[in-house]
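One structure below.
Because the structure is predicted, anything quoted here is derived from the model rather than measured. So that the names make sense, note that chain A is the first sequence line, chain B the second, and so on, each numbered from 1.
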2 protein chains.
Amino acid sequence: MAQANRRRTNRRTIYTTLRQMVLKLELPPGAALSENELAAQLGVSRTPVRESLILLAQEGLVQVFPQIGSFVSRVDPAQVADAQFLREAVELASLDDLPPELDPALLDELRDNLDRQQRPRLGLEEFFELDEAFHQGLMRLSGHGNAWTTVAAAKGHLDRARRLGLVENASPAVFAAQHREIFDAVVGADVALARTAMRTHLRAVFNDIERIRAHSPELFASDPSAVPVRRNVVVWE
Amino acid sequence: MAQANRRRTNRRTIYTTLRQMVLKLELPPGAALSENELAAQLGVSRTPVRESLILLAQEGLVQVFPQIGSFVSRVDPAQVADAQFLREAVELASLDDLPPELDPALLDELRDNLDRQQRPRLGLEEFFELDEAFHQGLMRLSGHGNAWTTVAAAKGHLDRARRLGLVENASPAVFAAQHREIFDAVVGADVALARTAMRTHLRAVFNDIERIRAHSPELFASDPSAVPVRRNVVVWE
DNA sequence: CGAGCAGTACTTGTATACAAGCATCTGTCG
DNA sequence: CGACAGATGCTTGTATACAAGTACTGCTCG
């Protein structure tokens with residue numbers, strides 16, 4: 001949120017690149033990340049790579065074990081549940097703070113977003129971007145767009161679990177319909193209905209996770225304090 | 001939350017030290033932080049100091065301007081409001097999740113905490129620690145202790161504003177009474193009353209801030225994107 | 001053949017040197 | 001006296017060398 005200067009620096013680009021790769025599961029949970037290797041592949045020195053890994057470690061997306069190695073953290077069900085609780089609390093509270101007059105420009109943006117969600121051949125990545133923008137847009141309606149940033153930073157584990165889920169059943173249509181339901185309730189100033197619809201929507205996403213975990217247990221952490229083993233993994237391409 | 005290994009490392013100690021100094025206003029908002037200077041004063045090289053500052057910058061407690069300098073960020077009223085919204089949403093939602101049977105050990109811990117809050121000659125720092133532990137304890141009652149960690153990491157600006165407020169009027173007794181009121185409602189399984197009391201308590205803290213800002217405007221950021229000036233400030237002692 | 005031990009190749013943590021850029025001070029010139 | 005230009009000293013960003021420690025590998029010895 002708060003990095004002061006937007007000046008383009010190696011660390012910033014590497015950080016955002018690695019973060020996206022982790023969230024998009026291009027760097028799968030458990031993958032070994034060598035500072036030297038990454039630096040060589042990115043054509044920079046260890047310094048910006050290392051500083052990026054430290055930031056990702058603070059977010060919980062990476063685990064750094066001194067003298068052992070750095071690894072993409074496995075999806076931790078406890079952290080997924082924490083993030084679910086957090087986002088649900090914040091998004092529902094945001095609905096309570098909706099002003100009587102909603103910003104027309106924002107409403108148009110949300111309507112356009114919803115239309116795109118229903119496009120016939122929508123890619124998974126596109127849907128995820130639209131989904132994120134939709135939820136953030138709702139919070140901006142009540143003036144809490146910045147709080148969404150904090151939530152977004154804390155829900156890395158939840159996002160990766162959701163991605164695993166959508167990769168499997170690949171039916172964003174249901175979620176798109178739920179989005180429209182929420183939006184209609186908001187426009188209709190029916191806060192109670194909006195809350196119910198939002199809660200149903202968020203829980204539907206969350207409830208998929210146990211099924212996914214049964215299907216791909218190796219991507220989840222059974223013991224979060226366990227140290228992964230070092231493996232030769234093709235990291236870059 | 002997520003740093004993998006608890007092995008004692010220079011960066012970890014420096015990070016926690018600096019973080020505490022910022023939150024306790026020993027490093028006042030706007031103070032200039034030179035990596036070289038800090039490194040010399042702490043007897044280490046720039047590396048662990050620099051990495052600590054990067055982490056603090058990601059939390060929003062420090063601003064780093066390349067080729068200009070690093071500064072303790074001024075208290076940003078917008079970020080204070082964001083944190084207030086976040087913590088209120090999370091703590092109220094946590095009350096909704098209280099289980100029918102409350103953990104007796106935790107209840108004892110909270111009772112002991114409340115007793116200490118009413119000790120006659122209670123120092124300000126002690127009260128802050130008790131306050132933090134009390135609110136975290138409440139969230140642990142509903143199994144959301146980890147979510148509190150995320151909130152705690154995001155509310156640095158709010159905490160500093162609160163500290164400024166308590167330094168001025170110095171009456172923790174009111175807050176201690178509110179704490180007990182919340183606790184009694186929780187024990188009595190009166191969720192509605194607990195929510196009301198919690199909301200009143202959190203807002204009482206928050207409403208002090210505008211008054212403080214009028215009193216000490218130089219510690220607040222009027223324009224968050226403005227670059228502070230470099231000054232020779234005695235940082236360490 | 002098997003167990004143990006030393007060597008080796010890797011890891012991250014830390015220190016240090018250099019690069020690029022901003023701000024201020026000072027000397028010079030109009 | 002005032003304004004401008006260059007030197008100087010600071011800042012953070014990056015690259016690199018070394019230190020400390022882990023884990024595996026392969027040899028040696030029983």
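- Residue A:Arg46 contributes atom CZ, which lies 14 Å from atom P of D:dA19 at whole-angstrom precision.
- With rounding to whole Å, A:Ile68 atom CD1 is found 18 Å from D:dA20 atom P.
- For A:Ser73 and A:Arg160, the side-chain atoms include at least one donor-acceptor pair closer than 3.5 Å.
- Using a cut-off of 4.0 Å between Lys/Arg side-chain N and Asp/Glu carboxylate O, B:Arg203 and B:Glu88 are scored as salt-bridged.
- Atom CD of B:Gln63 and atom C1' of D:dT12 are 15 Å apart (whole Å).
- Following rounding to the nearest Å, A:Glu51 (CD) and C:dT14 (P) show an atom-to-atom distance of 13 Å.
- If B:Asn36 and A:Thr47 are placed on DNA chain D by their nearest nucleotide, the residue sitting closer to the 5' end is B:Asn36.
- The listed nucleotides are C:dT14, C:dT11, D:dT12; the one nearest the side chain of B:Thr9 is C:dT14.
- In this structure, B:Ile54 places its CD1 atom 10 Å from C1' of D:dT12, rounding to the nearest Å.
- No donor-acceptor contact under 3.5 Å links the side chain of A:Gln67 to the base of C:dT11.
- Using a 4.5 Å cut-off on side-chain heavy atoms (C-beta onward), A:Leu61 and A:Leu23 make contact.
- Under 4.0 angstrom from either OP1 or OP2 of C:dT14 there lies no side-chain N or O belonging to B:Ser45.
- In this structure, B:Asn10 places its CG atom 8 Å from C1' of C:dG13, rounding to the nearest Å.
- Checking A:Glu35 against B:Gly43, the closest nucleotide of DNA chain C that is more toward the 5' end is the one next to A:Glu35.
- Residues A:Asp159 and A:Arg163 are not paired through a salt bridge, judged by the lack of any N-O separation under 4.0 Å between the basic side chain and the carboxylate.
- For the pair A:Leu42 CG and D:dT14 C1', the interatomic distance rounds to 14 Å; values are reported in whole Å.
- One finds a side-chain N or O of A:Ser70 lying less than 4.0 angstrom from the OP1 or OP2 phosphate oxygen of C:dT12.
- Distance CZ (A:Arg12) to C1' (D:dT14): 16 Å, rounded to an integer number of Å.
- Annotation: B:Arg140, atom CZ; neighbour count of heavy atoms from other residues, nucleotides and ligands within 6.0 Å is above 12.
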